[in-house]
Every structure is written in C-alpha cells, then in structure tokens.
Protein chains: 2
Amino acid sequence: MIRVLIAEDQSLVMQGLKMMIETDSELKVTGEARNGKEAVELCEKNWFDLAILDIRMPEMDGLEAAKIIRERWPEIKVLMLTTFNDDEYALEALRIGAHGYMLKDADADSLIKSIKNCLNGGLHIQGEVAAKVVPRLLEKENPSPKLHHTLTPRETDILRRIGEGKSNKEIAEELALSVGTVKNHISVLLDKLDLRDRTQLAIFAIRNGLV
Amino acid sequence: MIRVLIAEDQSLVMQGLKMMIETDSELKVTGEARNGKEAVELCEKNWFDLAILDIRMPEMDGLEAAKIIRERWPEIKVLMLTTFNDDEYALEALRIGAHGYMLKDADADSLIKSIKNCLNGGLHIQGEVAAKVVPRLLEKENPSPKLHHTLTPRETDILRRIGEGKSNKEIAEELALSVGTVKNHISVLLDKLDLRDRTQLAIFAIRNGLV
DNA sequence: TAAAAAAAGTGACTTAGGTCATGGTTGAAA
DNA sequence: TTTCAACCATGACCTAAGTCACTTTTTTTA
C-alpha cells in the first residue's frame, strides 16, 4: 500500500484530492496537514511514500516544507500543488527537487496521471509552465529568479500593502515613514523581483498569497 | 432524497464538494456542470433541490446562472461558492436571491452546515462578508455597487490586460489605439468600479477571475 | 430615419509613481 | 577598532498614469 500525505489549507481541495486518490485501491491518504509545519511534523512521526504539498499555505509554505522533506527524507516523492501558472515557483520547486508540479484547475484525469507518474519515478510539470521553464533550465542556473525569500521584513510588509491596493501616501502614513522612503523600498522590490511597476507588484503579491 | 447540482470548473473542488455532500445519506449529487451554461442546461432536463454555483467560472459565471435559475425555477435553493471575501459579489448574489454564500477556504464542517441551513430555508453568509454586507442592505438599495456586468467589451478587455500587469503603452500597441484612449477607458473603469488607480484595477481583475 | 444615448477615441494638463545619489545605523568579520 | 555589508531612510528629479473637455462613431429607440 502506498501511503500519501496531503498538505493543503483549503479543506475542499483536501477532500477532493483524498477522494480522487483513494479511488485507486493501492493508494491511501494516511496524513492530512493544513500547513507546511504540520506536514513536516507528520513526517517525523509516520512514514509516507508521497507528499502532496500546496505551494500557498499559512504558517509554512509548501516550498519550505518541500525543502525540509527532501533533505531529511529523500525517499519521499514530493508533488507540488498550485493555483497559478507561476513559473518562478515552478523553477524553485524543481531546484528543491520536487517530482511534480500540478495545477489545481486541471481535470481529475491529469491529476491522477501526475500522481501515478510521480510515484513511478517520473517528473511531470503541468500547464504552460513547462514550456517556459525548460528553456531556462537549459541556460544553466539563471540568475534572475530572486524569490520572496530574499526580501527583508520591511519589503515584504510594503509588498503586502501594495497588494491591498494602497497608495504610497497611505503606506507611508501607516508605517510612519516619508513617501520617499516607501518609494525607495518599492524600487528595491521592483529590482529584486524583476518587475516594472507597483501594479505588477500587486499581482505578484496576490499570486503568491501575501494577500 | 435531496438532489444536488454542482457547477464548478475546478475538478478538485468539485470532487471535494461531492464527497462532503454524499457523506450525508439524504443528499445526492445528480448533476455536475463545469460552467453556468451547463448548469442551466441541466436544470432544463432534470429536477434539482439545490444548486451550488461557483461565482467564478468560464462561459457563464455563477451569478448569471443563479439569476436564470432563480427566475425559471424559483423552488431550487441556490448556494454561491467563492474563493474571496468579495462583498460586491455577495451583495449581487443576495440581490439575485441566493440562499447562501460560502467561501471555499472554510473548513468542511461549516460548509456542510451552510448546505444544511440553506436546505432548511435559512440564509447563510460566510466570512467577514456578512458584517460588511448587512449594513449596506439596511441603507436601502445602495447606488455604488456597479458590477463588471455594466462594463463594455473594450473596458473588460483593458481591465484584463491591466490585471496582466501591462502598461498603457503596451495595451495601446496591442489594441492599436493611442495611449490617450487607453487612459480614458481606464478613467471610466476607475469611476464605474469605484476604484482609485490601475493597481486596484489589477487586484479587482484577479479577484474576479478575469485573469 | 432622425434624434438621443452609449461607446470609443483623442490630446493638453496635473499628479502620483519610480529612479537615483546619498547618508545613517547596526552587526559581524578581520 | 575599523571596515564591510545589509538594511532603512530621505528628497530632488523625471516619466508614466490619470483627469478633463471634447469629437467621432456606433447603437438604441422614438
């Protein structure tokens, strides 16, 4: 029997995955976590063959959890689950050594196929992501993908507020800074994340679950 | 037996709902639609006691489907399903006469409760939405909530591109317009949606599934 | 089909957003 | 202790964004 751990904060998606997985008599969901921290804790107590991790989760996100699991229990297959076609995250997931990258809005069949394929040692990346990601991998470690892990607390804070649609003036008032300072932090954010303006920052913030 | 129709484009969520609903022996999912159009077509062929409609769907969204179902089959209970705490949509849903408003990230228990409550003739609005919405209802028809239904095709198009993080110049080039024209459309959008800048438009576009 | 209304388009003008050069503070390494 | 690096802060300056008054085109409807 293949033991599966699911880490997913949306209970509907959790139930859906569970149901789909257990239609196959070989597979059994023996662990359910609502964030990355819980997932790692479960791995400490029980053995799993496959971990399905949502990228966006509270407490500890799926990428961090994946990293820890890959380091400490390298035999466990890791499948990342995401809502969006975010190639930055896909790259990061691959770098960590995930065995698959699934989109939540894919149909049931291809999700099952991803799971099966992953268990058989395959690597599967769903969506248009693959087309964008593969060329990048071929250019050897590309230097651009600076993830939000490299952001300072101030920057993350400001990024979140941009994602809430606030103006520089509002952010400055809330944080007791001058607008100039806020603008400067934004310039740094734009540079780090390789984006162009606050609108793209807001989109990034939402896509990555900061808001 | 209570017959349930689900309209939901994300198959994972569909499976999750189905599983949860069918843990109760009284309930049975006898219809599955992947968009609003399919939902209405199913209603024409079969009878349902309850329709669970995702607000965000391709082809025809949940609000439109709800409207049609409420008009043509007023005995069917309608439960709206959404990812975000979007009070504009909640209001619109209530105006149409939906019997409930559920958030996808709620836990299984409260989702089941919403369904049960809805079947018993209750009205349930999940999340902080309720607190924002109820006062508005008491002020008699409030004039502000202009939904995206009132947007022209051009405006919707431009709104989507803003949600993709494009600049006015890029949008103008793609649509073969002057930047001035694009700016003007944006001014109209800001006015109609009661927002302040393109960042808030981008957030709106994402929250409402345009991108 | 004429009149009215809605939508699409334009460019001069104002303001908020973003860049850049610079300085202060803290903590760790030499 | 000094030097270096990372973070935070600031304001002068420039550009893209947004407003406004207006014209043209398309669609409604009387």
Side-chain angles (χ1 to χ4, degrees), chain A residues 64 88 143-208 210-211, chain B residues 64 88 143-208 210-211:
Chain A
E64 269 185 82
E88 291 301 330
S144 68
K146 297 158 193 157
L147 274 284
H148 81 263
H149 294 271
T150 71
L151 300 183
T152 67
R154 247 304 188 259
E155 287 160 2
T156 310
D157 188 10
I158 289 178
L159 177 56
R160 209 189 62 251
R161 288 168 205 266
I162 290 174
E164 289 166 357
K166 290 178 173 149
S167 69
N168 290 341
K169 188 155 163 272
E170 287 170 337
I171 295 173
E173 280 164 7
E174 287 170 12
L175 300 179
L177 298 174
S178 79
V179 282
T181 305
V182 175
K183 286 179 179 181
N184 193 39
H185 282 297
I186 291 173
S187 288
V188 176
L189 279 168
L190 292 172
D191 183 48
K192 281 193 183 174
L193 300 173
D194 196 27
L195 299 174
R196 190 178 50 197
D197 53 42
R198 72 190 299 102
T199 304
Q200 295 187 346
L201 284 176
I203 295 168
F204 181 92
I206 294 176
R207 295 283 191 228
N208 293 290
L210 268 76
V211 281
Chain B
E64 269 185 82
E88 292 301 330
S144 67
K146 297 157 193 160
L147 274 283
H148 82 263
H149 293 269
T150 69
L151 301 182
T152 67
R154 247 303 188 259
E155 286 160 1
T156 310
D157 189 9
I158 290 178
L159 178 55
R160 209 189 62 250
R161 288 168 205 265
I162 291 174
E164 287 165 359
K166 292 179 174 149
S167 69
N168 290 341
K169 187 154 163 274
E170 287 171 337
I171 296 174
E173 279 164 8
E174 288 171 11
L175 300 178
L177 298 174
S178 80
V179 281
T181 305
V182 175
K183 287 178 180 182
N184 194 36
H185 282 298
I186 291 172
S187 288
V188 175
L189 278 168
L190 292 172
D191 183 47
K192 279 192 183 175
L193 299 173
D194 197 25
L195 299 173
R196 190 178 51 197
D197 52 41
R198 74 191 298 103
T199 304
Q200 295 188 345
L201 284 176
I203 295 169
F204 181 93
I206 294 176
R207 294 283 190 227
N208 292 288
L210 268 75
V211 283

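Residue numbers start from 1 in every chain, and the chains themselves are labelled A, B, ... in the order their sequence lines are given, proteins ahead of strands. Scope of the values below: all heavy atoms of this structure, side chains included, with no hydrogens, waters or symmetry mates.
- Remark: P of dC7(D) and CG of Asn184(A) are 13 Å apart, rounded to the nearest angstrom.
- Between Arg196(A) and the phosphate of dG18(C), there is no side-chain N or O to OP1/OP2 separation shorter than 4.0 Å.
- Closest contact between the side chain of Arg154(A) and the listed nucleotides dC8(D), dG9(C), dA17(D) involves dC8(D).
- The side chain of Ser167(A) sits closest to dG17(C) out of dA17(D), dA9(D), dG17(C).
- Nucleotide dA8(C) holds its C1' atom 9 Å from the CD1 atom of Ile158(B), rounded to whole Å.
- Straight-line distance from the CG atom of Leu201(B) to the P atom of dG18(D): 7 Å, rounded to whole Å.
- For dC8(D), the OP1/OP2 oxygens have a side-chain nitrogen or oxygen of Thr152(A) closer than 4.0 Å.
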side-chain contact (heavy atoms from CB on, under 4.5 Å) between Arg207(A) and Ile206(B), intermediate numbers included: CA-CA 9 Å; Arg207(A) 295 283 191 228; Ile206(B) 294 176; 3.7 Å; yes

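- When the nearest nucleotides of DNA chain C are assigned to Val179(B) and Lys183(B) by heavy-atom distance, the more 5′-ward of the two goes with Val179(B).
- Protein atom CD1 of Ile171(A) is 14 Å distant from nucleotide atom P of dA16(C), rounded to whole Å.
- Residue Ile171(A) forms a side chain to side chain contact (heavy atoms under 4.5 Å, CB included) with just one option from Leu177(A), Val179(A), Val182(A), Thr181(A), and that option is Val182(A).
- We find that CG of Asp157(A) is positioned 15 Å from P of dC7(D), with the value rounded to whole Å.
- Among all heavy-atom pairs drawn from Thr199(A) and Ala202(B), the shortest one is CG2-CB, 3.4 Å.
- The minimum heavy-atom distance between Leu175(B) and Arg154(B), with the atom names listed, is O-NH2, 4.0 Å.
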Please test Gln200(A) against Asp197(A) for side-chain contact (heavy atoms from CB on, under 4.5 Å), starting from the C-alpha separation and ending with a verdict. CA-CA 6 Å; Gln200(A) 295 187 346; Asp197(A) 53 42; 3.5 Å; yes

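- Each of dG18(D), dG18(C), dT10(C) was ranked by its minimum atom distance to the side chain of Ser178(B); first place goes to dT10(C).
- Atoms NE2 (His185(B)) and P (dT19(D)) sit 14 Å apart, rounded to a whole Å.
- To the nearest angstrom, P of dA6(D) lies 15 Å from CG of Leu151(A).
- When the P atom of dT10(D) is taken as reference, atom CG of Leu175(A) falls 11 Å away, rounded to whole Å.
- For Ser187(A), counting side-chain heavy atoms from C-beta on, the closest listed nucleotide (dG18(D), dG18(C), dT10(D)) is dG18(C).
- Closest to the Pro153(A) side chain, of the nucleotides dA9(D), dG18(D), dC8(D), is dC8(D).
- Residue Leu190(B) has its side chain nearest to dG18(D) when only dA8(C), dG18(D), dT19(C) are considered.
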